Amino acid sequence: FPMAAAKTGSKAAFSLDSYHVSEELGFILPEPLEELPPYYQPWMDITLRIPELVHSHELRSHINKMPLLSSKFLQKHRELRLAHLALSMMTMGYVWQEGENDTVEVLPCSLAVPCWEVSQRLGLPPILTHADGVLLASENASIILPGGDSVQGFFLVTLLVELAGVPAVRSIPTVINGVKCGDSEAVARALEDISQSVQDMTDAIKLMQVYVDPSVFYGIMRIYLSGWKDNPCMPKGLIYEGVQTEPLEYSGGSAAQSSLLHCFDELLGIKHEAKNGDFLTRMRSYMPPAHKQLIQDISLQPSLRNFVQQQANEQLNQAFQVCVTKLLAFRSYHINVVSRFITVPAARARQLRNQSRDLEEAMISRAPSALEERGTGGSGIMTFLKSVRDQTKIAFLSETSNNMNL
């Protein structure tokens with residue numbers, strides 16, 4: 001990416017133009033395709049039936065019989081993105097068809113090879129990512145994993161969070177360029193816009209409790225979002241047949257793969273502890289490369305935090321503090337959501353493992369026990385999220401942080 005503005009201290013205006021970021025949709029792919037060229041119909045025929053074929057335990061046999069198709073007829077970016085969605089959805093269904101007790105060690109050639117090739121061309125890993133499930137699948141509502149309405153609700157709410165963050169992303173260049181030319185008022189106004197946008201993200205994520213049933217998420221859906229790295233169910237990883245003979249390990253889809261919070265952290269100068277920072281940095285390789293580049297280039301800009309401290313401008317100071325406060329509130333609420341959808345059902349599952357009484361309880365008690373304390377990305381979820389939240393607190397400007405009572 002030939003980014004003249006990426007160099008620290010460069011006077012060229014910072015812009016989102018070369019990062020595949022939409023003015024209206026942010027990181028979401030505008031106008032995604034819903035069909036591939038006819039040659040790829042065998043893929044789509046299976047992809048559109050994943051929940052039904054998993055339920056009847058026939059998905060693996062259908063994929064085993066699937067022809068090995070060349071990926072060379074996929075020419076446009078949107079074709080590649082839809083192909084990646086279809087192939088990675090099939091991959092999750094194939095691996096987890098029988099739950100945690102009968103996983104596979106080999107992904108068959110007819111799926112593994114095109115999934116790998118398409119992934120290489122996009123710069124994405126050969127597994128379902130946030131960029132597939134949220135930035136694309138919400139537009140392709142017919143391509144879903146098991147879990148019915150709750151699956152669609154989960155992807156829809158996560159999409160609404162992404163949409164709520166769009167005004168904040170649009171304001172990032174205003175902040176960076178304002179810092180470069182010393183325009184305190186422009187920076188303060190842009191930070192106020194970012195604060196409102198982050199508040200809207202928090203309001204959006206609250207819809208999770210309306211549209212998603214925690215027992216369905218925990219008992220049915222979550223395993224299909226899980227990967228084969230840091231996963232006790234698949235300690236050896238997964239061999240992609242026809243690609244290489246050694247098993248490969250990839251993390252499952254995770255909110256940590258959303259570019260939004262990475263951008264905000266870099267802009268506000270929020271640093272994370274080594275272990276969490278390493279996980280978050282690794283999650284960037286699960287993003288489209290242009291989005292990863294944007295996060296990197298934001299990190300190279302002059303420090304907003306230093307600028308705010310040097311200006312001694314009350315409006316600017318307040319705007320920065322409110323921005324951190326809103327980000328902290330979002331992360332705290334996310335912890336609340338994870339508690340409701342993972343920690344509480346995990347505790348109930350342990351109680352009910354041997355005494356399933358009704359449908360909801362049966363669903364939870366069948367949930368994968370090996371994943372009880374883990375997020376779909378493979379992290380020890382609550383410890384990780386609380387630490388990330390606590391590092392956000394540290395970003396408050398020192399002279400007022402003692403008064404925040406957070």
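Because the structure is a prediction, the values reported are computed rather than measured. Basis for what follows: all heavy atoms, side chains included, without hydrogens, waters or symmetry-related copies.
The six-membered or imidazole ring of Phe154 lies away from that of Tyr211, with a centre-to-centre distance of 6.0 Å or more.
For Arg284, the salt bridge (Lys or Arg N to Asp or Glu O under 4.0 Å) criterion is met by Glu266, not counting sequence neighbours. Scored by the salt bridge (Lys or Arg N to Asp or Glu O under 4.0 Å) test, Lys236 finds Glu105 as partners (sequence neighbours excluded).
We find that Arg49 and Glu52 are joined by a salt bridge, their nearest charged nitrogen and carboxylate oxygen being less than 4.0 Å apart. A salt bridge links Arg282 with Asp230: the closest approach of a Lys/Arg side-chain nitrogen to an acidic carboxylate oxygen falls below 4.0 angstrom.
Inter-residue side-chain proximity for Ile46 and Met90 is flagged as met; some heavy-atom pair is nearer than 4.5 Å. For the pair Val134 and Ser258, the minimum side-chain heavy-atom distance is 4.5 Å or more.
Side-chain contact check for Ser254 and His130: no donor-acceptor pair (N or O, by modelled atom type) lies under 3.5 Å. Asn64 and Arg60 form no side-chain donor-acceptor contact under 3.5 Å, judged by distance and modelled atom types alone. In the model, Gln293 has a side-chain atom that pairs as donor or acceptor with a side-chain atom of Asp297 under 3.5 Å. Between the side chains of Gln296 and His291, no donor-acceptor pair is found at a separation under 3.5 Å. Judged by distance alone, the side chains of Gln301 and Lys180 do bring a donor and an acceptor atom under 3.5 Å apart.
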